[in-house]
Structures are given as structure tokens and as C-alpha cells.
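Lettering follows sequence order; numbering is per chain, from 1. Source: prediction; values computed, not measured.
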Amino acid sequence: MLEVKGLRKVYRSGSREVEALRDLTFTVAAGELVCLVGPSGCGKTTLLRCIAGLLGPTSGEVTVGDRSGLAIVFQEYGRSLFPWMTVRDNVDLPLRQKKVPKARRRELVAEALTAVGLDGTESAYPWQLSGGMQQRVAIARAVAYEPSILLMDEPFAAVDAQTRADLEDLVRSLWQRLGMTILFVTHDIDEAVYLGQRVLMLSASPTVVQDELTVDLPAERDQLHTRADPRFVTLRTRVYSQIQAAKTGTASGAAGELSSADR
Amino acid sequence: MLEVKGLRKVYRSGSREVEALRDLTFTVAAGELVCLVGPSGCGKTTLLRCIAGLLGPTSGEVTVGDRSGLAIVFQEYGRSLFPWMTVRDNVDLPLRQKKVPKARRRELVAEALTAVGLDGTESAYPWQLSGGMQQRVAIARAVAYEPSILLMDEPFAAVDAQTRADLEDLVRSLWQRLGMTILFVTHDIDEAVYLGQRVLMLSASPTVVQDELTVDLPAERDQLHTRADPRFVTLRTRVYSQIQAAKTGTASGAAGELSSADR
Amino acid sequence: MIKRLLLVLGLPVVLFVTWYAASANSENFYAPPLRQILAAFVDTWTPERLRADVLPSLARLGAGYLLAALIGIAAGVAIGANPRLRAAAEPVLEFFRAVPPPVLVPVIMLFAGIGNGMKVIVIVSGCVWPVLLNTVEGVRATDGVLADTARAYGLTGAARLRHLLLPSASPQIIAGLRQALSIAIILMVISEMFAASNGLGFTIVQFQRSFAIPEMWSGIILLGLLGFGLSELFRLAERHALAWYHGLRDAQRRS
Amino acid sequence: MTAVGAAAPRTAPGGRALLGLSGLAGLLVLVELLPRTGIVSDSYLPPTSRILAALADEAATGAFWVAVGDTLTAWAIGLAIAVVAGVGAGVLIGAVPVLRAVTASTVEFLRPIPSVALIPLAVLLYGSDLGSTLLLVVYAAFWQVLVQVLYGVADVDPVADETARSFRFGPWARIRYVLWPTALPYVFTGVRLAASVALVLAVTAELVIGAPGLGAVIAVAQTSNAITTMYALIVVTGLLGVAINLAARYAERHFLAWHQSVRGEAPS
Amino acid sequence: SGDSGGGTTDGGVAKVKVGIIPIVDVAPIYLGQKQGFFANRKIDLTMESGQGGAAIVPGVVSGQFQFGFSNITSLLIAQTKNVPVKVVTNGVASTGTAGKDFGGVTVRKDSPITEPADLAGKKIAVNTLKNIGDTTVRESVRKAGGDPSGITFVEMPFANMPAAVENGQVDAAWVVEPSLSAVTAAGGRVVAWNYVDAAPDLTVAAYFASSKLIADDPDLVKRFTEAMNESLAYADAHPDEVREILGSYTKIDPKVREALTLPKWPTEINKPSVETLSKLGAQDGIFGSATPDLAKILP
Ligand SMILES: Nc1ncnc2c1ncn2[C@@H]1O[C@H](COP(=O)(O)OP(=O)(O)OP(=O)(O)O)[C@@H](O)[C@H]1O
Ligand SMILES: Nc1ncnc2c1ncn2[C@@H]1O[C@H](COP(=O)(O)OP(=O)(O)OP(=O)(O)O)[C@@H](O)[C@H]1O
Ligand SMILES: [Mg+2]
Ligand SMILES: [Mg+2]
């Protein structure tokens, strides 16, 4: 369970003052998979940092079920890997912290790396990998952790289309298998609709929740058929127009009505 | 003009040895806009580094018309910005190095920042910006430089769909206005087809040029109509299947035939 | 291998030859010809002398250096990771840092007596600073995203120290340790100016006082050689400890 | 359930100064108590109050301030020379790999030679003038800066460096815009190390050689068995060190505002 | 720079730098300067205070200083190494009276050591190893019938000795004024008067110049020697003025200054005592294999 109430965050450094989040209120039920879209610089990363407890809000409140089972995939994947550790150790370390028995750890690490298509790179250092590979290491680390809450910040930005599709399916299957709560930030509207049970749309700065959309597609999805589904196309068009409205600053009223009628 | 002949690159560090590129041969004519796609980790970044002269090839040859007019947008946009300089100075510095007169520099910097939608952040430091904003600073820096050859490594990976569309149009209009040579790496197949005059497809490791495709769409493109064009859809499907073939390791023969018949 | 030998020995050989030639006819009592110094070197630094004077010095040096490294890193991490502690401790530390060892020694003697313990403390009191300062700065500079990653995955306490703070500060810690090495040698000499009866520093000071100038210079050369030898050892250790770092930094440079 | 409310305000700059003062105060109290409780005899370690009284006596004399001025002059000139030379040599050696390989062994040979061993040489060349103090100060402080700069130069982010290279920055521009800012935090540490080493050596040189300054006054106090005065003078050198560090910290906050170590501590 | 023999002359006035140690022993030169004995002889005097021979002798050899102050044993050692220096006049001498000398071997109040022979096998602090302190202390023990060979000497500054004796870090310490007063004030006892035991009216230290200066500017050396001798005689005759002048260049506590034992300042060097020191040094091996040539070092 995840609850954000009246969240406001202002960055102050020297004379510069940026209101990254104005007033966010929403909840994510336990076991829900929610996607978050919004224009660049609107405060998505800031929001995830607040939820993970890495950043204190300026005002408002964030309530998270149990932070100890929380994993996060950072947008800055390259900088979030420990350069002094091999790929294997990077994935393994959080598990060791969690005191997972050794044999199980080995299993989890191997599985996770295979799932993201990184067999054979276990003993390489992160900086010996391509950008997309680094990003997949960060994903593998979160996945192997088997978190109860998973925050992902544009986790597939650096991988190719095919790998992306595979990873999307990986996330959905993990979610279904482990029943975790997932908050997934993406810029790809199709991806948001394909993955989520719900899509939260943030406005441009000053940031509020502009709209939300329940994705009433069947729970069993697959790349070919789901994306071809006319309902899918309708939904993605709706998100697209909402986001465009957000960018151009159109009041969210009308569009909000539209989509809420849809739920 | 840009010519790559029998390029091979092997990374050696300690006992690990990775053949990033096996044998690449292709040319990009002066003033051409070529997109490069390929699975994650296949060596696209390595190729760009070799072209820019930042990395020496293990064997083979890279000929570049005039490297002095070359600009590059790195995949690791965050680390390629100087954290000790404001956004303005980051964009301005290469121009100063090029000895552009002051007034013109001010103009170019302002124009470039406006074009990528970053008005008002001139005096912020890169680490005060969101991921997408940082990436746009890196793009603005390359654009302001008015290079004769522009190498871009997944330059829109971190920005939202709408901004991405705007930036795509920006790149095309700049290219048409300045007549520069552009080599554009992307994971988005639609983007590759929408932007390029030609799409080069790399195979998975061991990397060779798997296929190439001439994009016979009209020179005047726009987001709504071009993407709806049936020809566009055909082309993107072709690229998609080729890439899938590359990933699964299918011999490129058959698919290559298919697409070459198309040219 | 030969190239490396050439690089290591090239400049020193040139300098020694220059010195040799320039000093050949020196009349100055305090700057005797290098010829004489080298002769004195052979006569002075006999195996017994090395055992009697250099070994005890090295033992004190080693003990002091290790202790300084331990204290410097431990305190440095604590201070670097905790802004409040840093604010409270910094002025006191800066205070002691500015007190010259020769005037500090008498105070240390009050508490630590005049034995080897005092000399070790003197060495520690001088060479802990570069380690401490560099560790503090290194810890403060830990990448924000990395620190967030560690926090998000529950890396706290000892694990945070072992897997985040120390490795990420290690390039700077190593720089500090490198600095401290030569300072330790310097302080070994200073500590042996007080209440000592053997040791390399003691011997050099004795030579200086008894006007055995060529012998004194030979001692200084021995100090230099010692410093060079230790720094070579250090370089090997650094290559090993910072393999990831050098790999990372060289990754793209090597073309 | 974990809930995060509004961020608690972190230590404000004023609070930082207060903390530092309380640290110093703790030291003063300790030194007051040690002799008073008889743990050490007060004739060898006088309590703070007596030391401060002696300090006040000293401060009332003009000769004391002349000595402080002499020491600070030697310190400032020596440090300036060492920093300029150390940074210049460090950047040059660091930026040119061949130079680095060629000089490494010589640097390691010269570095551990203690300044005190060079005293006869200094006296030989400059007597007990400012020159001999400077020689010792510069010799000792130079290495501190040099080694830090060398490590700092090696810390350049390869991607940042490649960015500069791809935009055809010349060697000078790469040093100025990439290498120098990267090395700057290391340089700051180096300068702070060198600043106190320079102070230590200025005082030591004055102490042993008798060049005018605080050290010479300390030497007189020592040979006169004036223990309290000696401690008062030691306190002065310590306070000079604190003042110098304050200045360095101030400069750091100004010049390194962009650096992780400084921005990481801004209240969020 | 300057190996200019007599310093810069300005209207016939020679600028002269003298390297001294800021202790009681050099009071005459300050007193003489105040009395104008040097100015009368067209000498403009500057005192340069160093901590010991390591700083002063190179200064004199290189001409940075024209004259220097050093103890006799150090000068004898310098002679055996052919350092080009030579004594010009006397510096300071022992009072020659046991119980009333300015230096002695002290122990703690409750120490079992009561006479010089008891020092055998003990740990004794001296300010410099292999120098005048340890040779004369050995002689005290030897004369009292003890065996000096088992004594361990430890080097530390005089100022630290009272604390070291008090804390038991050493069994005894050879101290000179004003530290001697500090020890006795704290209840310490003097068990041996080593200067007195070594030789009657021992010459402890002297002023010296470089051989070069002596050869190049004998007139300056002569004027300095005369002025110095006048100062020595004056100081010896006016102990009160000596105690007063101490306040100008030392930080000795005024009370201590009034009470401390002053040394003797004869103008003549006591040659037999120098010979004794040379013999003692040779006996203790501090000259290595060489023997000092007194003719070369004494005027
Ligand atoms: N450390 C910081 N200091 C000051 N301002 C900051 C800081 N971090 C973020 N900001 C500002 O806060 C706003 C939101 O940033 P955030 O990174 O949360 O955006 P985002 O939604 O993740 O964008 P993107 O999609 O581009 O990653 C931006 O305007 C940014 O400039
Ligand atoms: N510094 C390095 N040391 C060793 N191996 C490296 C290094 N850099 C890249 N590689 C390897 O070379 C291969 C190609 O890497 P490259 O970064 O060029 O891929 P890419 O096509 O850009 O991938 P992506 O789309 O994920 O960015 C990868 O297998 C990677 O592991
Ligand atoms: Mg973000
Ligand atoms: Mg790449």
C-alpha cells in the first residue's frame, strides 16, 4: 500500500527555487501495477525519491507499507551501479543485506541475469558494459531482490525495441507471480497502457495529478494481440491527448471529465 | 563524408576480451541523414566513438571528411555535461573553443536552448535538472555548435513522447537548413524510419551490418501524416522483423534479400 | 620491462650524474663531492648498521603508519559521513594539525614517556592528517545516486561502510595514504631527534651534529631510497586495491 | 508503516560555527581539568586559565605581534610558492603521461627527505633569514600539493574528457575546462594540507634556526623553562591553523558549490 | 650570498652577526652590546639565535654569521672533522664550586640515588648525546669510584627534564640553569656536579669564527675579541646587571632569574680543562678514531 497526500516538494539551492511538485494526492493499492507518465521535468523522479524516503517532502505526507521491501530502479542507471563491483556482486549485494541464504542468492542472481538477457557478463564490471546492458543490470538487481514494492524510473529507456518488449513481459509476469506493488515511470505511452492497471498522468510544472485512467484490458496480455486490440488504441490515444494537453497547459478539467467517464 | 571500412574493435581488459565490432563497412554521403539501429550491446556506441576518433579501431579504417566540424551527443548524457558549469556555459564552451564571436555565441546558445524547450534554466547547474532536461542540454550543445557532422547516440531516450516528437522535427529541420551529415542511433524503430533517409541495421554480436534500408518517404515529413502513411508502416514493419532476426541470430541472407528488393 | 626500467631510472641517473659532475671539485664543507658521499655510503651503511639502526626505525615507521591509516580512515569516515560531527571536530583537529611536531613532542612525552610508544605516537600525530582529510573529502564526495541506491536497498551501518563509503572514497583515501607515507618517514626522523638511542633519523642527526657531513648526506640518500622503495610497494598495493578504478578511468582512454 | 513528514531542517551555517566552538570549548575544559585533577602535574601542563593568562601577557607586547607577523609572512610566501609550483608541476606532469612516468621515481625519492635534514643546507645558503625558512617551507609543502594534484588529474571522468575531445578542445582548453575542475577538490585538500605543513615548518624552522618569528619565541621560552608561555605560544600556532582552515573552507564553499561534497550538504 | 669577511662596512662600522643560543651563558654579549663595548669598536652587532651547533656552525662556515657560540666538545668534534673554524675567545666557564655550579645531575626527591657512584647503570637524560654532558657525567661517576660503562644516556631538551625526572621516565637528569632551579624548586636533589668533577674551572663554551674570516679580516676578529673580553669581565663583575639583562632576551621567570646560579665568565680559556675534555671525549669514543688537535682549534 502506498499513499501520497498533498505532497509538495520545492528544491532550494542558493537563489534558485524550483517547485518540482505542487500538490499530489493518490493511492496505489497493495499489489497494484500503476504507470506514471508526465512531461520531462515535471517531477516524476522527485516523486519516486520521496516515496522511497530518499528525499523529505516540503509539505504533505507519503505513507508506504513497509520500506524494507522496497526496490528502486533509478533513471540514472549508470551511476546507480557500484563501479567497484562486478555485475554479479552488484545484483548480489542487496540480497546479502537481506540475509538471503547463499544458495538461494546464487539462484536468484543467475535467474535475474538470465531474465534480462545478461548471461555471461557476471564477472564484468558495469563500466565494461553498454548503456543498455547497464540498465538491465539495474533491473536485474531490483528483480532479484523480490521486493514487495518496486519503483521503476524509465527502466527501459536505453534498450532496443525487442529487449524492451521482453522486459515488459518480464515485469508483468513477475508482478503476477509475486503480487508486488509496482509504480512504473515511463515516457512511452504504449508501454504505460500495455503494462499498467492504471495510468497516472502528471501535469507540467506546477505539477499536480492531471488525470488518471483505468486500463480495462484483459489481465493476460501479449505483445502482438494486446497492442492490436482496438481498446488499446483508444486508451493510448486518450493518454496521448491528455499529455499533449498537459504540455500545452490546457486546464485538465475537460479531459479529466472525459477519462473519468471512461472508468 | 564518412567512410567505414572493415572496422573491427576488440575490448581487452585483463582476461576479459569482447569483440564489440566484427567487420563493419558502410558509407554515409555528405549531407545524408542515416539512422542506426541494432540490439542492445551490439556496438553502436563503440562505432560512434571510433568515428569521432575517441577510440582507435583494432583493425579496419574510418575516414571522416573533417573531424573539426564534428559534434557528438553521448548516450551517457549526464556524465557528458560538466557539473561545474551552468547550462549556459556548458552550451557556450564549445563555441568559445571554436572562436565564435561573442554576440553570435549568445544568439546561438539562446536559440538552441529555446529549441529544446529549456528557456529559463540557463543559470542552473546540470545536476539541478531532471534526466530529460540534462539530455536536452547535451542536444542543445551539439545543435548550437552547428557541426558539419553530427553523431547522436540515443539522444531522445530520456524525454517524453511529445518532446521527443518536437526534437525529431528539430533535428530534421536543422539538417535541412544546415545540410549537415547526421548519424543517428536509436532504439525506436518508428523514429529511425521517420527521421532517416536510410536505416542501417546492425546484427547482434559478432556485429556486422545486417541490412540497410532506404527510406523512400517524401522529404517533407510531419508527425501526424508521415506516421500514418502506409509506406511508413511497411518500412517500420520491415525494420522490426530484421531486428528480430538479428536478435534471434537468424542468418541475414533471406531478410537481406527481401529488403534489398525493396530499394 | 626494459622500457619501464628506463623510465624509472632515467631521470635519477641523469640527476646523479649531474650532481656528481657539479660537485666533483666542491670545496664547501657542507656540500662535499658526491664521490665522497658515495664512499661514505658504502662505509656507513653496513649490514650491522642497517640491522641496528634501520630496522628499529622501520618497525616504528610501520607501526606508526598503520596506526595512522587506521585512525585516519576510521575517524575520516565518521567525520565525513556526519556533518554535525565534522562541524564539531574540525576546529579541534585543525588546531592540532597546526602545532609543529617538534613542539608537540615534549607534550607527547608527558603522556607517552620516552620509549618507542612516544615515537610511534609522534609519527601518527603527523601522518594521520592527510589520510583523515582525504577520507573526509572522499566520503563527502560519494555520488548521490549511488548513496540513494544503497539507502533504497537497505545498505546501512557496516554494509554501507564496506560497500559504499570506503570503496567510493578509496581513490582519495589512497591519495592520502600515499601522502602519509613520506610524511611518516619525515616524522620518523623528527621523533628520533628526541630521547632516541638508535634509528636512522637518530643516526643522521648524530652525523649532522658531529660534522660527519658526507655520512649525513649518505643518510639522506638512504632516506630517499627508503621512500622510493616503500612507494614502489605502495604502488603495487594500489594497483591491486584500485583495479576497478584504474580500469574505469582507462577504459576509454586506451585506444 | 513508515511515514515521512516535512523535512526536518538540517544544521544551519550558524549552528555549524556553534558546534565548532563547542568542540574547541571541550578541549579547553579538558586541558583545564587534567592538571587540576592532578592527572598531570600543573608545572608541566598548566591549566587552560593559566595558559590563557600567559597568552594575554604575550599579546600585550609588541614583540609578540611582530613575531606573529613574521611567521605569517614566511607562511604566506612559502605557501604561495609551493601551491603555484605544485599545481603547475602537477597539472603538467599529470597531463603528459610520459612526464609522469619519467618523474615518478625521482618524486618518490625526494619526497620523504625531511626538511629538518636540510637545515644545514638552508643555513648555508640563507643564514637565519627569511630565505632559509622559505626553503624549508616550500620544500615540505610543495610535495603535498603535487601529489594531490596528480591524483586529482587522474580522476577525470572519461566521458567528460571525451566530450571535450569530441568538440576539438585543444590541450589548454581541456586542462582549463575539464582537468582543472575535476582536480580542484583534490587541490583544495592539497592546499589545506600544505597550509598547515607550511605553518608547521615555518615555526619549526624558526625554532631550530632562529629565524625571526613565533618559533624563535617558542625556542626562547623552552630554553628559559617558561612552560606556561610555551603552551601559550603553541596555542597561538594552533589558532592560526584554525583560522587558516576557516578561510580554506570558505573558499571551498565558494569555488566548489557544484561539487557533490558541497551540494550534498545543502539543506533539502 | 655573502662570504664577505667582515660584513658590509658603513662608515667603518662592521655589521656583525653572531649565532648564539638564547641561554644564560651568553648574557655577557648582550650586556656588552648594551654597554656599548662593541659600538666603541665600530661593530654593529646582531644576535641570531639558533637551537644548537646544527644551525650555528654551518652559518659561520658559510659566512652568514661572522661569529658563533658553541660548547668546547662540539668544537673539538668539529676540529677532528676539519671543519674550518677556530676559537676566538672564551664563552663561559664552570664556577668550579660543588654545590654552587650552574649545572648538575639531579634526581627525584625520593630517589635512592644519593651520590655520583649510585648513577652507575642508571638512565640519565642529557640534552645532546656524545657531547659535553655525557662525558663529564661519566667522569663524575668514575671519580666517585663507580663504573660509568653501564649508564644509558637519553637525549631530550633541558626543558623536558624536570617532568621526565618527576615521572620516573629517567632516573636522573643532567640539567643546567634555569631548569636546574625548576628541579630543585620541585624538591629534586643534585647528586653530582659534573663540570666541577671533570676539571677545575672547566671552560664550557667559547666564541669562534671561520678560519677564512680570521685570515681575511684579522682586524675585525681582534676588535670583536677585545669587545667580547671586556663584556665577559664586565658580566663577571656585575651579576645584578646580568640578572637584569636576562629579562631582555629570555623568558625566565623573574623570581627564578633572581635566584639562579650564574656561571663564571673569565676572559682566558682554561687550556688544561680543554685538554681534559679532549681526553674524556677520546676515552668515550666521541671523536671516532681521531684526536682533536688543540693547537688548531684554540687561539
Ligand atoms: N537537485 C535538484 N536541485 C534543484 N532542482 C532540481 C533538483 N532535482 C530536480 N530538480 C528540478 O525539479 C524538477 C523535477 O525534476 P525531476 O527529475 O523530478 O523530473 P522528471 O519528471 O523525473 O523529469 P524527466 O522525465 O526528464 O526525468 C525539474 O524542474 C528539475 O529542474
Ligand atoms: N570499456 C569497455 N571495456 C570492455 N568492454 C566494453 C567496453 N565498452 C563496451 N564494451 C562491450 O562492447 C560491447 C558493445 O558495447 P556498446 O556500448 O558499443 O554497445 P551499444 O550498441 O551502444 O549498446 P546499447 O544500445 O546498450 O547502448 C558490449 O558487449 C560491451 O560489453
Ligand atoms: Mg526523471
Ligand atoms: Mg550504447
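Considering only residues two or more places apart in sequence or on other chains, D:Gln148 meets the side chain to side chain donor-acceptor pair (under 3.5 Å) condition with C:Asn134, C:Gln179. With sequence neighbours left out, C:Glu238 forms a salt bridge (Lys or Arg N to Asp or Glu O under 4.0 Å) with C:Arg178.
Taking CZ from C:Phe234 and CD from D:Glu108, the interatomic distance works out to 9.5 Å, rounded to the nearest 0.5 Å. From C:Leu181, atom CG reaches atom SG of C:Cys127 across 8.5 Å, with rounding to the nearest 0.5 Å. Here C:Asp143 contributes atom CG and C:Thr149 contributes atom OG1; the two are 8.0 Å apart, rounded to the nearest 0.5 Å. Interatomic distance, CD1 of D:Ile227 versus CG of D:Leu45, reported as 10.0 Å (0.5 Å rounding).
Judged purely by atom type and a 3.5 angstrom limit, C:Ser23 uses its side chain to pair as donor or acceptor with the backbone of C:Leu34. Formation of a donor-acceptor pair under 3.5 Å by the D:Trp75 side chain with backbone atoms of D:Ala195 is found in this model.
Using a 4.5 Å cut-off between heavy atoms, C:Ile183 contacts chain D through its side chain alone, with no backbone atom that close. Looking at D:Ala101, both its backbone and its side chain come within 4.5 Å of chain C, counting heavy atoms on both sides. In this structure, the portions of C:Ala175 lying under 4.5 Å from any heavy atom of chain D include both its backbone and its side chain. Contact of D:Tyr231 with chain C is made through the side chain alone, with heavy-atom distances under 4.5 Å. Of the atoms belonging to C:Met216, it is side-chain heavy atoms, and not backbone ones, that fall under 4.5 Å from chain D. Residue contact with chain D, scored on non-hydrogen atoms closer than 4.5 Å, involves the backbone and the side chain of C:Val99 alike.
Chosen from C:Glu94, C:Gln172, C:Glu232, the residue pairing most often with chain D at heavy-atom distances under 4.5 Å is C:Glu94. Chosen from D:Leu201, D:Val102, D:Val98, the residue pairing most often with chain C at heavy-atom distances under 4.5 Å is D:Val102. For the set C:Leu230, C:Leu133, C:Val92, the count of heavy-atom pairs under 4.5 angstrom toward chain D peaks at C:Leu133. The residue among D:Trp143, D:Tyr186, D:Phe188, D:Phe109 with the most heavy atom pairs within less than 4.5 Å of chain C is D:Phe109. Looking only at heavy-atom pairs under 4.5 Å with chain D, the residue among C:Pro130, C:Ala89, C:Ala31 that has the most is C:Pro130. Ranked by non-hydrogen atom pairs under 4.5 Å with chain C, the options D:Ala202, D:Gly152, D:Ser105, D:Gly190 are led by D:Ser105. Top candidate by heavy-atom pairs under 4.5 Å with chain D, chosen from C:Gly138, C:Pro91, C:Gly10, is C:Pro91. Highest contact tally toward chain D, considering only C:Leu85, C:Ile185, C:Val205, C:Leu226, is held by C:Ile185 [criterion: heavy-atom pairs under 4.5 Å].
Across all their heavy atoms, C:Ala81 and C:Val139 have their closest contact at N-CG1, 3.6 Å. Here the closest non-hydrogen pair linking C:Ile123 and C:Arg60 is CD1-O, 3.7 Å.
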Exercise answer: donor-acceptor pairs, residues 235-246 of chain D side-chain atoms, under 3.5 Å, sequence neighbours excluded:
residue  : atom : partner  : partner atom : Å
D:Thr237 : OG1  : D:Ile234 : O            : 2.7
D:Asn245 : OD1  : D:Arg192 : NE           : 2.9
D:Asn245 : OD1  : D:Arg192 : NH2          : 3.1
D:Asn245 : ND2  : C:Glu90  : OE1          : 3.1

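Using modelled atom types, one finds a donor on one side chain and an acceptor on the other under 3.5 Å when comparing D:Glu206 with D:Thr71. For the residue pair C:Glu192/C:Ser57, the side-chain donor-acceptor check at 3.5 Å is satisfied.
Against chain C, the residues from residues 213-220 of chain D that qualify, each with a non-hydrogen atom under 4.5 angstrom away, are D:Ile218 in number order.
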